[in-house]
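Each ligand, and each atom within it, is numbered from 1 in the order the structure gives. Please read all numbers here as calculations on a predicted model, not as lab measurements.
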Amino acid sequence: MLRLHPYRYHRPRELAGALELLKVHAGNVMPIAGGTDLMPNMKHRLFTPGHLVSLKGVEGLYGIEERDGEIWIGACESLTSVASAPLVKRYYPSLAFAASTIANPMIRNQGTIGGNLCLDTRCTYYNQTHFWRQALGFCLKRDGDVCHVVKGGTRCVAAHSADTPPVLITLGASADLASTEGTRTIGVEEFFTADGVWNTARKPHEVVTRVRLPKPPAGLRTSYQKLRERKSVDFPILSVALAVAMADTDTVASISLVVSGLGAKPRTIGQLDDIAAGRQLDAGIIEAVAEQAYRQCHPLANIIVDSDWRRAMVRVYVRRAFRDIQSKSEAAA
Ligand SMILES: Cc1cc2nc3c(=O)[nH]c(=O)nc-3n(C[C@H](O)[C@H](O)[C@H](O)COP(=O)(O)OP(=O)(O)OC[C@H]3O[C@@H](n4cnc5c(N)ncnc54)[C@H](O)[C@@H]3O)c2cc1C
Ligand code: SF4
């Protein structure tokens, strides 16, 4: 049986109290929301904080509402709420769908959108028990100084494996962060960094308080496609989020495409407007976009699935995302 280490559990009611606890115990404290990722990681001794500050009792971290022309989602809203909220389903169906693919119903009831944004990166050589990792001599993400994925590598390339962030990026979302020093807002795209040890711009004493989404332009077509080993209770081993803004019924205004589940940071595929803007969304454009994504994605062996196959699936999943938006708009016509 895997046991938890001893720690003190704090359950503040106010955000200010939570932020103060994170400051007072700096270096030996972590925030916890649903705990669906942090608890297993603590059992594996990947994190051993002496203090946990629960965010679940903080009232100000809830709510899904329309404010100042945006939709605000409180960081402690459960994945179930995000997947089923009428506002999310109406304006951002790809986000509702991405949330609905996470884990299983029990975990979605407990896990939160804030926790999903701050999810730790994953790797075959990391998400293991202490005993397992010790036998291998650990690795540079935790307790060691070598990388088993990139031999001689000095930077961790563990995979960003959360489902909602790629979609949030295609929707132009941002996140509000708070600490005792004040508040700031950061685009979800800029929130992530390419360092698998700590792949976000969030400082350890900062709390994500909400996610903010701009109202989508009329006719925005979106899709989320997730490759996983099983159809349920599985992290993505590749994910594709797509948002296509149309100038009119057939002509593309712009395309936002994010591929994730491969490296430490969700990858925004570049130079798509050169390919597609002002053109008709036909098979040639779709193929050119799929090829562009393939060229820009280079998965490494951070999970036990063949990297060449995962790369080949990038094209397939981009095509599927386009097929999905086309069939949805045909159904709506
Ligand atoms: C069996 C299983 C399957 C899973 N499958 C998937 C999957 O398919 N896709 C997927 O995306 N995830 C999956 N997960 C992971 C997890 O359930 C979700 O990512 C969930 O959204 C995490 O949210 P949480 O509130 O439980 O986070 P927690 O476990 O509470 O926290 C996760 C991390 O975020 C930090 N944190 C949490 N909230 C905040 C905040 N507001 N501000 C700052 N830091 C914060 C914590 O300190 C911790 O480092 C799975 C987990 C399990 C156990
Ligand atoms: S990518 Fe390398 S350093 Fe990062 S978790 Fe995996 S083995 Fe460790």
**Request:** Evaluate ring pair (Phe, Tyr, Trp, His ring centres under 6.0 Å) for H51 paired with Y7, printing each intermediate quantity in order.
**Result:** CA-CA 5 Å; H51 298 263; Y7 59 88; 9.4 Å; no

**Prompt:** Can the positive tip of R133 be found less than 6.0 Å from the middle of the six-membered ring of F138, inside 45° of the ring normal?
**Reply:** no

**Request:** Test the R122-F235 pair against the cation-pi criterion, namely NZ or CZ under 6.0 angstrom from the six-membered ring centroid and within 45° of the ring axis.
**Result:** yes

**Message:** Suppose the cut-off is 2.8 Å; how many protein N/O/S atoms fall inside it around atom 6 (Fe) of ligand 2?
**Reply:** 1

**Prompt:** Looking at H44 versus H130, is the centre-to-centre ring distance below 6.0 Å?
**Reply:** no

**Message:** Can you tell me if E291 has over 12 outside heavy atoms packed within less than 6.0 Å of its CD?
**Reply:**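 For E291, atom CD is crowded (more than 12 foreign heavy atoms under 6.0 Å).
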
**Prompt:** NZ of K23: more than 12 outside heavy atoms within 6.0 angstrom?
**Reply:** no

Does [X] use its side chain to pair, donor to acceptor, with the backbone of [Y] at less than 3.5 Å?
X	Y	value
N104	V233	no
W132	L136	no
S239	P236	no

**Request:** Scan side-chain atoms only and decide if T121 and H160 contain a donor-acceptor pair under the 3.5 Å cut-off.
**Result:** no

**Request:** Could you list which atoms of ligand 2 come closer than 4.0 Å to a heavy atom of L140?
**Result:**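 Checking each atom against L140, I get 3 (S).
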
**Request:** For ligand 1, would you mind listing the residues that have at least one heavy atom less than 4.0 Å away, ordered by chain and number?
**Result:**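 Only M30, P31, I32, A33, G34, G35, T36, D37, L38, L55, A75, L79, I102, A103, I107, G111, T112, G114, G115, N116, C118, L119, S161, A162, D163, R202, E206, V207, V208, K226, V233, D234, F235 have heavy atoms that fall under 4.0 Å of ligand 1, ordered by chain and number.
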
